[in-house]
Amino acid sequence: AHMEDTKQSDYSVIIRNLLTKQDLDLYISELEELERELFHVKTPFDEAIGKILHYQKKETLIHFLHNSGVVDQDLVKTRDQIEKLKEELISIPVLGITLSFPPNQDQIEKISMSVTDQTQSPVILNITVDTRIIGGALLEWRGKYHNYSLKKKIDEYFIKGLKVSS
């Protein structure tokens, strides 16, 4: 059981830096580019990883591979671990969130932390901006939609007002 715990925490080191669908898609495309460099172009590992990943991503991936038992840049094991990592990343549930404004990095981190606290597991945010909702948020989780927008509240207020006055 201890081995599984280590594996899980290794994924989490990488996953906790991926908050949005954009972050996730970029990282997966970087992993695929790394695979192309290593297995088709045959670029040496250090050169390939340095060319594709910036410092923090590079360090966490090297750490992940090392903790996954990849020694001396064994390419077969590297490929297996990158494939497992991609499968793990693709399986993270996505929360669709529509806001009336584009959130900054700080706001994205706060939303992500609050969602992760609620779910007790990693969640990727797929953020879209739609000024028509005025404020609040629309959430889409596992195929179900929840409308917490200010527009909905205003519409309900006016509809109630119309019923009262008629």
Side-chain angles (χ1 to χ4, degrees), residues 1-130 137-146:
H2 185 258
M3 190 65 182
E4 280 308 302
D5 297 344
T6 324
K7 282 235 185 324
Q8 193 51 49
S9 67
D10 288 344
Y11 288 127
S12 72
V13 166
I14 290 173
I15 291 168
R16 75 164 167 249
N17 295 309
L18 304 172
L19 306 182
T20 66
K21 184 94 173 67
Q22 266 179 313
D23 297 341
L24 180 70
D25 292 346
L26 174 64
Y27 192 65
I28 289 172
S29 72
E30 288 169 335
L31 289 176
E32 286 168 349
E33 199 181 327
L34 180 62
E35 287 177 308
R36 265 192 309 279
E37 284 290 329
L38 293 175
F39 308 115
H40 301 293
V41 186
K42 307 275 191 234
T43 309
F45 182 86
D46 292 331
E47 187 187 323
I49 200 167
K51 185 162 94 173
I52 295 160
L53 297 176
H54 74 67
Y55 183 75
Q56 188 194 4
K57 283 182 179 175
K58 182 177 119 178
E59 291 304 305
T60 50
L61 184 62
I62 289 170
H63 177 78
F64 165 76
L65 290 171
H66 179 74
N67 284 358
S68 303
V70 177
V71 276
D72 299 328
Q73 299 162 0
D74 172 337
L75 285 186
V76 176
K77 277 191 177 161
T78 299
R79 176 178 249 165
D80 288 349
Q81 286 308 318
I82 290 175
E83 283 306 313
K84 282 183 188 156
L85 174 60
K86 286 194 315 192
E87 282 168 29
E88 189 72 21
L89 295 175
I90 290 164
S91 74
I92 303 170
V94 174
L95 172 68
I97 181 166
T98 302
L99 300 169
S100 61
F101 62 91
N104 62 35
Q105 191 57 33
D106 191 44
Q107 291 163 324
I108 291 170
E109 285 169 16
K110 284 187 175 118
I111 295 167
S112 178
M113 235 185 299
S114 132
V115 169
T116 306
D117 287 347
Q118 293 291 313
T119 60
Q120 291 296 301
S121 63
V123 172
I124 294 292
L125 303 176
N126 189 9
I127 300 170
T128 48
V129 175
D130 182 349
L138 302 175
L139 302 179
E140 189 268 318
W141 178 248
R142 301 185 190 243
K144 291 191 172 64
Y145 287 85
H146 307 278

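Quick caveat: nothing in here was measured; it's all calculated off a predicted structure.
- Ala137 and Leu99 make their closest contact through CB-CD2, 3.9 Å (heavy atoms, listed as atom of the first residue, atom of the second, distance).
- By the 4.5 Å heavy-atom criterion applied to side chains, Ile49 and Leu34 are counted as neighbours.
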task = Determine, stepwise, if the pair Gln107 / Asn104 fulfils side-chain contact (heavy atoms from CB on, under 4.5 Å).
result = CA-CA 5 Å; Gln107 291 163 324; Asn104 62 35; 3.3 Å; yes
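- Residue Lys21 comes nearest to Ile124 through the heavy atom pair N-CG2, 3.3 Å, listed as atom of the first residue, atom of the second, then distance.
- In terms of heavy atoms, Lys58 sits closest to Gly50 at CD-CA, 4.1 Å.
- Here Asp106 pairs with Lys110 under the side-chain hydrogen bond (donor to acceptor under 3.5 Å, both in side chains) rule; sequence neighbours left out.
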inquiry  = What verdict does the side-chain contact (heavy atoms from CB on, under 4.5 Å) test give for Tyr27 and Leu85, after you've listed the backbone C-alpha separation in whole Å, the side-chain angles of each residue and the deciding distance to 0.1 Å?
reply    = CA-CA 11 Å; Tyr27 192 65; Leu85 174 60; 4.1 Å; yes
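- Closest heavy-atom contact between Ala48 and Leu38: CB-CD2, 3.9 Å.
- Minimum heavy-atom separation, Leu24 to Leu89: CD1-CB, 3.7 Å.
- Counting only distance, with no hydrogens or angles, the side chain of Glu37 and the backbone of His40 share no donor-acceptor pair below 3.5 Å.
- At a threshold of 4.5 Å between non-hydrogen side-chain atoms, the residues Leu75 and Phe39 count as touching.
- Summarising the local packing, CD of Glu83 is surrounded by more than 12 heavy atoms from other residues, nucleotides or ligands at distances under 6.0 Å.
- Of all the heavy atoms in Glu109 and Leu19, the pair that sits closest is CG-CD1, 3.4 Å.
- Not counting sequence neighbours, the partners of His63 by the side-chain hydrogen bond (donor to acceptor under 3.5 Å, both in side chains) test are Asn67.
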request  = Check step by step if side-chain contact (heavy atoms from CB on, under 4.5 Å) holds for Asp130 and Leu138.
outcome  = CA-CA 10 Å; Asp130 182 349; Leu138 302 175; 5.6 Å; no
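- If you take OG1 on Thr43 and CZ on Arg36, they are separated by 11.0 Å, rounding to the nearest 0.5 Å.
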request  = Check the pair Lys51, Glu33 against salt bridge (charged side-chain N to carboxylate O under 4.0 Å, His left out), reporting the backbone distance first and the verdict last.
outcome  = CA-CA 10 Å; Lys51 185 162 94 173; Glu33 199 181 327; over 6 Å; no
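- The shortest distance between side-chain heavy atoms of Lys57 and Leu26 falls below 4.5 Å.
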